[in-house]
*Asks:* 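Before I ask anything, let me first share the structure, which is written out below as structure tokens.
Since this is a predicted model, take the numbers as computed values, not measurements. Numbering of residues begins at 1 and proceeds along the displayed sequence.
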Amino acid sequence: MTVKITGEFIKLGQFLKKINRISSGGDAKWFVESSNIIINGEKPGGRSSKIFPGSTVWINDELYKVISENVE
């Protein structure tokens, strides 16, 4: 799945809300701790980890490709 973001980056907690994996920011810490998340081949440091355009994000065997909203 391709996810478009605005700005330089999106934090992992915001990303999870954007793709409807969590309903509130408070759920992010629990979700990150209990899920298998890989950003560009590495485990994130926490819910405030930054995701940049061009990144690949795996969440429990689902792949997300992050692109800039400005790219057509």
*Asks:* Which pair of heavy atoms, one from I51 and one from S55, lies closest together, and at what distance?
*Replies:* CG2-CB, 3.8 Å
*Asks:* For the hydrophobic clusters of this structure (ILVMFWY residues joined by side-chain heavy atoms under 4.5 Å, transitively), does one cluster hold both W30 and I22?
*Replies:* yes
*Asks:* Check whether any side-chain N or O of S68 sits under 3.5 Å from a backbone N or O of N70 as a donor-acceptor pair, and report yes or no.
*Replies:* yes
*Asks:* Closer than 3.5 angstrom, by distance alone: can the side chain of N40 be matched with the main-chain N or O of T56 as a donor-acceptor pair?
*Replies:* yes
*Asks:* If every non-hydrogen atom of I5 is compared with every non-hydrogen atom of F52, which pair is closest and at what distance?
*Replies:* CD1-C, 4.5 Å
*Asks:* Test K11 against every option in P44, S49, S48 by the side-chain contact (heavy atoms from CB on, under 4.5 Å) rule and name the one that passes.
*Replies:* S48
*Asks:* Assess whether atom CD of E62 is packed by more than 12 heavy atoms of other residues, nucleotides or ligands within 6.0 Å.
*Replies:* yes
*Asks:* When rounded to the nearest 0.5 angstrom, what distance separates CG in N60 from CZ in F31?
*Replies:* 5.5 Å
*Asks:* Can you measure from CG (D27) to CG (L16) and round to the nearest 0.5 angstrom?
*Replies:* 10.0 Å
*Asks:* Would you find a donor on one side and an acceptor on the other, under 3.5 Å apart, between the side chain of K29 and the backbone of R47?
*Replies:* no
*Asks:* Is it possible for you to say whether I38 and M1 belong to one hydrophobic cluster, with membership spreading through side-chain heavy-atom contacts below 4.5 Å?
*Replies:* no
*Asks:* State, yes or no, whether a side-chain contact exists between V66 and V57 at a heavy-atom distance under 4.5 Å.
*Replies:* yes
*Asks:* Could you report the tightest heavy-atom contact between Y64 and R21, atom names first, then the distance?
*Replies:* OH-NH1, 3.5 Å
*Asks:* Honestly curious: do F9 and I39 fall in one hydrophobic cluster under the side-chain, below-4.5 Å linking rule?
*Replies:* no
*Asks:* Does the side chain of V3 reach to within under 4.5 Å of the side chain of K18, using non-hydrogen atoms?
*Replies:* yes
*Asks:* With rounding to the nearest 0.5 Å, note down the distance linking CG in N36 to CD1 in I59.
*Replies:* 10.0 Å
